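A short worksheet on the structure shown next.
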Protein chains: 2
Amino acid sequence: MDTVMRLIVVGGVAGGATAAARARRLSENAEIIVFERGEHVSFANCGLPYYVGQEIAERESLLLETPESLHARYRLDVRARTEVLAIERAEHCVRARDLESGREYTERYDRLILSPGAAPIRPPLPGIEHPRIFSLRTVPDSDKIKAMVDGGARRAVVVGGGFIGLEMAENLRRRGLEVALVELLDQVMPPFDKEMVTPVHEELRGHGVALHLADAVAQFEDEQDGLTAVLKSGTRLPADLVVLSIGVRPETTLAAEAGLEIGPHGGIHVGDDMRTSDPDIYAVGDAVEVRDCVVGGTALIPLAGPANRQGRIAADRVFGRESEYHGTQGTSIVRVFGLTLALTGASEKTLTRVGHAHEKVYIHPMQHAGYYPGAERLTIKLLFSPADGKVLGAQIAGQEGVDKRIDVLATAIRAGMTVYDLEELELAYAPPFGSAKDPINMAGFVAANVLKGDVEIIHADALEQVEGELIDVRKPDEHSEGHIPGSRNIPVDDLRDRLDELPADKPLVVYCQIGLRGYVAARILTQRGYTVLNLSGGFNTYRGYFAEATRS
Amino acid sequence: MDTVMRLIVVGGVAGGATAAARARRLSENAEIIVFERGEHVSFANCGLPYYVGQEIAERESLLLETPESLHARYRLDVRARTEVLAIERAEHCVRARDLESGREYTERYDRLILSPGAAPIRPPLPGIEHPRIFSLRTVPDSDKIKAMVDGGARRAVVVGGGFIGLEMAENLRRRGLEVALVELLDQVMPPFDKEMVTPVHEELRGHGVALHLADAVAQFEDEQDGLTAVLKSGTRLPADLVVLSIGVRPETTLAAEAGLEIGPHGGIHVGDDMRTSDPDIYAVGDAVEVRDCVVGGTALIPLAGPANRQGRIAADRVFGRESEYHGTQGTSIVRVFGLTLALTGASEKTLTRVGHAHEKVYIHPMQHAGYYPGAERLTIKLLFSPADGKVLGAQIAGQEGVDKRIDVLATAIRAGMTVYDLEELELAYAPPFGSAKDPINMAGFVAANVLKGDVEIIHADALEQVEGELIDVRKPDEHSEGHIPGSRNIPVDDLRDRLDELPADKPLVVYCQIGLRGYVAARILTQRGYTVLNLSGGFNTYRGYFAEATRS
């Protein structure tokens with residue numbers, strides 16, 4: 001057995017709980033103390049919105065472990081409601097305060113793992129201290145919001161359209177409240193590219209959520225039995241409760257005051273071994289800056305999966321194992337009513353921001369065999385390197401089968417696969433699950449066709465820059481139901497017989513509903529010497545770009 | 001534009017249809033003729049059982065393309081109901097017969113792509129020609145079976161428990177028939193390892209399918225308004241109809257008579273370029289032998305996805321592109337009532353047969369967060385190389401989320417990933433979709449723990465070979481509900497305080513329900529100097545091995 005090691009873990013949720021349990025599995029005789037400021041350890045953060053919405057019926061199911069259960073299984077000395085006030089690095093001590101009794105004391109450590117998490121941002125707006133304004137981070141937070149709803153709240157304002165904001169909007173609607181969602185950007189789900197969230201906007205509105213995009217709260221005004229969120233636009237949103245979900249800020253006070261290095265994004269700096277600038281102190285989870293394993297550099301990417309893995313790695317390191325964290329790719333997913341939206345790797349806006357060369361394609365395949373009942377279209381945006389076809393990122397929206405495809409693409413990115421590899425993936429096919437040519441294969445085909453020069457594509461936002469003839473190759477009834485202004489209709493099957501209708505002196509831009517017939521049309525025409533561009537993703541993707549514009 | 005190429009494709013379904021369409025996209029001026037013996041091209045083979053079961057309501061939805069639609073879109077000269085009788089290689093001709101008129105004629109080719117498929121095996125049993133015995137390969141086949149069911153058939157015997165057999169059993173039950181399933185082996189789904197199909201046997205029986213395993217039809221006897229399948233065991237199964245689904249045999253007559261090389265398994269031999277032994281003739285789909293990309297060597301692996309990809313590659317090759325087929329890994333999936341069973345890569349029986357070193361682990365994780373409603377357990381068997389941890393194969397059974405995990409593992413195998421890579425995969429987590437530690441990560445953790453020597457495991461079928469003390473570390477109520485004979489119960493949380501109850505002189509075999517508490521127990525005891533083996537997959541996997549035995 002190893003020499004007695006005294007390990008202190010600060011923070012008993014996600015990464016901290018994982019680190020402590022892993023530490024015990026590695027060493028039966030280490031002393032392991034876990035400090036947790038809140039009253040709960042290892043609770044289901046990601047389940048809180050669903051508890052408010054009563055989709056998760058039992059509060060107890062949120063409490064994955066208790067100090068008692070962690071002691072029984074792992075002999076962890078878990079001290080809940082105990083705040084670590086300071087790290088005295090020179091003495092290898094932490095100073096802690098029991099929040100019940102107020103007692104302060106110090107504990108010596110050989111190694112320290114920090115897992116303080118991140119705190120919801122509360123902007124310093126007039127009226128922000130109103131008692132009906134809530135954040136959602138802990139079980140008690142969800143208790144308070146749920147009590148308001150149970151008590152008859154009818155109108156809610158959700159501020160911030162990220163993961164938690166959308167989940168709260170859905171769950172409050174589920175409870176029958178009127179819900180207004182305010183988002184500073186002109187789109188919800190900021191990590192996604194804007195055209196990909198168009199269906200989310202439609203889904204939210206379709207379920208009665210009042211969307212206030214490109215707007216922000218200027219102040220909160222107290223009312224009798226409620227409050228009003230006054231927006232910058234002047235819109236007034238009366239509410240019985242407000243949920244703030246505008247993002248989180250890493251909890252770095254403890255680390256910073258102890259002189260540990262803080263990174264450029266304001267998170268705790270760690271190496272691939274999760275070690276901070278103090279060799280005896282590790283840090284994991286939402287408080288640390290991680291390496292972005294697609295575009296490089298560091299970033300704050302607060303996600304549960306990475307937090308847990310980092311906890312495991314930190315524990316490994318404490319006990320002399322060579323585990324390394326290989327960066328975060330940002331795989332994430334959200335369900336919004338009947339729609340699912342998921343992302344992995346870099347977005348187009350990130351690639352553009354960091355100046356990373358990229359190409360993209362859009363496809364809209366059925367999630368399983370079209371002839372089997374229940375087939376619905378996915379929208380997949382695939383980002384890849386023009387030089388070698390390496391997959392850089394993907395975003396998917398749809399009803400069923402979104403999580404499967406994002407996980408396959410997340411795996412492909414982790415493996416360094418190219419779009420040519422996607423063509424070859426051998427995925428499971430039976431009618432209820434997929435197609436002989438899976439959506440992932442289709443994404444590979446379409447991207448490879450572009451890279452091999454079999455088709456030149458154009459994107460919806462670049463249409464205006466091309467002086468070309470716009471040809472809708474769909475059927476006449478599809479054309480008459482809606483088309484891109486200025487386009488003329490020649491169905492793909494008629495194209496070979498109607499070449500005389502095409503101008504020979506300018507480029508042709510062809511499009512169909514999803515890009516497939518457009519590709520066939522492009523092949524037909526390119527081989528006859530025309531200069532042809534196919535609109536990637538067809539009319540569906542065009543709508544993704546412009547449906548919002550035609551609304552107002 | 002290219003010089004005029006005359007391409008003939010034999011077989012207009014799956015690989016053949018894909019090859020022809022791809023050929024046209026590559027060359028607008030090639031002449032492309034497609035011969036199809038049946039009356040339908042490009043139909044949904046995999047949908048046929050669901051059409052019989054009326055889950056697919058419309059017959060037309062099975063007919064993905066028609067000769068007319070393929071001509072309109074691709075200017076293919078599709079000749080249905082036309083059989084190719086012979087390939088005259090020296091003359092670069094095929095001899096064809098119009099099955100309607102009986103007219104025979106020859107067509108010249110520059111390049112030929114064979115996609116003849118595979119035919120259902122009809123064993124030469126007494127009574128096999130009975131008109132109530134059907135196979136299921138074509139739309140007319142499904143019409144005949146459906147007509148029998150629509151006409152009031154009440155009792156069906158399905159012979160063969162592979163994919164089609166199970167799908168037919170389900171769909172005939174769905175139509176209200178009594179169904180008996182006869183399978184020569186002692187398990188259904190022969191590509192899977194036997195312990196993994198135990199839940200399928202239970203699911204079939206639970207839905208009223210009478211399973212006759214390790215038995216076979218000896219003969220069919222004619223009855224008034226029906227027939228009786230007489231089994232080798234003597235069991236007599238009276239039926240209104242019989243569906244034969246005991247496998248398929250590659251259709252190689254045409255190729256063999258033309259002197260093309262036939263491989264050791266009886267399929268057409270092709271290279272990675274899908275070229276036969278004649279440089280102007282390619283072959284694709286169920287009729288060819290493919291390279292097994294996990295264990296090497298060639299095999300017959302009739303699957304729709306690979307057939308389609310091979311068709312694309314053959315067309316590429318005809319037009320001078322360097323595409324290559326990189327082998328088949330056998331990814332497949334079947335839904336059986338409420339259960340899904342899926343496989344990718346090598347099975348344990350294949351690895352054992354070819355003498356490929358392997359280790360395995362079993363896990364039973366929830367398919368999504370346990371605190372979110374609807375969480376159900378998956379059973380995952382992961383096979384990997386003991387030398388370097390390379391993933392060799394996986395089998396999964398469960399309700400939801402099986403297809404996702406098998407596709408991630410199929411991608412991991414294609415990428416050459418190890419179990420250590422599985423630990424690190426960053427997969428999408430929100431409560432409805434997964435867990436912060438996804439089942440795939442868990443499989444990686446458990447396998448890596450074995451390879452790193454953190455725990456020694458034992459498998460259920462090896463329990464008898466160990467002279468050890470069997471300790472059930474579950475709770476007393478779990479123990480009393482069912483346990484391995486001869487085991488004593490010491491809950492994991494009590495273990496540290498009850499060491500004095502353990503024998504010091506022999507190995508300990510610990511087990512729990514799924515293997516997780518057993519692992520913790522093994523870590524506790526190993527660090528105290530005991531020799532400990534953890535039963536992989538726990539009591540759940542034990543039941544997979546032995547539930548069948550305790551039935552009879």
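In what follows, chains are A, B, ... by sequence order, proteins preceding strands, each numbered from 1. Here the structure is a predicted model, which is why all the values come from computation and not from measurement. In what follows, every heavy atom counts, from backbone to side chain, and hydrogens, waters and symmetry copies are set aside.
- Heavy atoms closer than 4.5 Å to chain B are found in the side chain of A:Ile406, but not in its backbone.
- Of the two parts of B:Asp494, neither the backbone nor the side chain holds a non-hydrogen atom closer than 4.5 Å to a non-hydrogen atom of chain A.
- Judged by distance alone, with hydrogens and angles left aside, the side-chain atoms of A:Ser27 form a donor-acceptor pair with the main-chain N or O of A:Ala30 at under 3.5 Å.
- Judged by distance alone, the side chain of B:Lys404 and the main-chain N or O of B:Gln367 form no donor-acceptor pair under 3.5 Å.
- For A:Gln310, no part lies under 4.5 angstrom from a heavy atom of chain B.
- Only the side chain of A:Tyr50 comes within contact range of chain B, with heavy atoms under 4.5 Å apart.
- Look at A:Glu170 and A:Arg335 and you find a salt bridge, because one of the NZ, NE, NH1 or NH2 atoms lies within 4.0 Å of a carboxylate O, short of that distance.
- Of the two parts of B:Arg73, the backbone and the side chain both hold a non-hydrogen atom closer than 4.5 Å to a non-hydrogen atom of chain A.
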Trace of the side chain to side chain contact (heavy atoms under 4.5 Å, CB included) decision for A:Cys46 with A:Glu167: CA-CA 10 Å; A:Cys46 301; A:Glu167 288 170 350; over 6 Å; no
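- Neither the backbone nor the side chain of A:Asn45 comes within contact range of chain B; no heavy atoms are under 4.5 Å apart.
- A distance-only check finds a donor-acceptor pair linking the side chain of A:Asn441 to the backbone of A:Leu425 [under 3.5 Å].
- In this structure, chain A has heavy atoms under 4.5 Å from both the backbone and the side chain of B:Ala72.
- When the side chain to side chain contact (heavy atoms under 4.5 Å, CB included) test is applied to A:Ser42, the partners found at least two apart in sequence or on another chain are A:Ala17, A:Leu64, A:Glu65.
- Residue with the most contacts toward chain A among B:Ala521, B:Gly330, B:Ala369: B:Gly330 (heavy-atom pairs, distance under 4.5 Å).
- The greatest number of non-hydrogen atom pairs below 4.5 Å with chain B, out of A:Ala21, A:Pro49, A:Gly47, is found for A:Gly47.
- In this structure, chain B has heavy atoms under 4.5 Å from both the backbone and the side chain of A:Ala44.
- Within the 4.5 Å cutoff, side-chain heavy atoms of A:Pro373 are placed close to those of B:Glu55.
- Across A:Ala410, A:Pro431, A:Ala415, the residue that shares the most heavy-atom pairs under 4.5 angstrom with chain B is A:Pro431.
- At a threshold of 4.0 Å, the pair A:Arg496-B:Glu28 counts as salt-bridged, since one of the basic side-chain nitrogens sits closer than that to a carboxylate oxygen.
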Anything under 3.5 Å between a donor and an acceptor, one on a side chain of residues 336-344 of chain B, the other on a protein residue two or more places apart or in another chain? List them.
residue  : atom : partner  : partner atom : Å
B:Thr344 : OG1  : B:Gln329 : NE2          : 3.0
B:Thr344 : OG1  : B:Thr331 : OG1          : 2.9

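- If you measure heavy-atom distances from A:Phe163 to chain B, you find no contacts under 4.5 Å at all.
- Note: B:Arg75 leads B:Glu423, B:Arg24, B:Arg75, B:Met417 in heavy-atom pairs under 4.5 Å with chain A.
- Heavy-atom distances place both the backbone and the side chain of A:Asp407 under 4.5 Å from chain B.
- Listed for the B:Asp438 side chain is no donor-acceptor partner under 3.5 Å among the backbone atoms of B:Gly434.
- Only the side chain of A:Leu303 has a heavy atom closer than 4.5 Å to any heavy atom of chain B.
- Heavy atoms closer than 4.5 Å to chain B are found in the side chain of A:Asp454, but not in its backbone.
- Residues B:Thr418 and B:Asp421 bring a donor and an acceptor atom of their side chains to less than 3.5 Å of each other.
- A donor-acceptor pair shorter than 3.5 Å can be found between the side chains of B:Arg25 and B:Tyr74.
- The most heavy-atom pairs under 4.5 Å with chain A, out of B:Glu60, B:His71, B:Arg312, come from B:Arg312.
- Salt bridge status for B:Glu424 with A:Arg309: absent, with no side-chain N to carboxylate O gap under 4.0 Å.
- Here A:Tyr372 is the residue among A:Tyr372, A:Tyr51, A:Tyr429 with the most heavy-atom pairs under 4.5 Å with chain B.
- When each of A:Tyr519, A:Phe445, A:Tyr420 is checked for heavy-atom pairs under 4.5 Å with chain B, A:Phe445 comes out on top.
- Between chain A and the residues B:Asn308, B:Val520, B:Ile524, B:Val492, the most heavy-atom pairs under 4.5 angstrom are made by B:Ile524.
- Contacts of A:Val408 with chain B are made by both backbone and side-chain atoms, with heavy-atom separations under 4.5 Å.
- In terms of heavy-atom pairs under 4.5 angstrom with chain A, the leader among B:Ala428, B:Ala304, B:Ser61 is B:Ala428.
- Distance check, rounded to the nearest 0.5 Å: CG of A:Asp493 to OG of B:Ser69 gives 8.5 Å.
- Note on B:Arg405, B:Glu426, B:Lys452: by heavy-atom pairs under 4.5 Å with chain A, the leading option is B:Glu426.
- Proximity to chain B is absent for every atom of A:Glu58, based on heavy atoms less than 4.5 angstrom apart.
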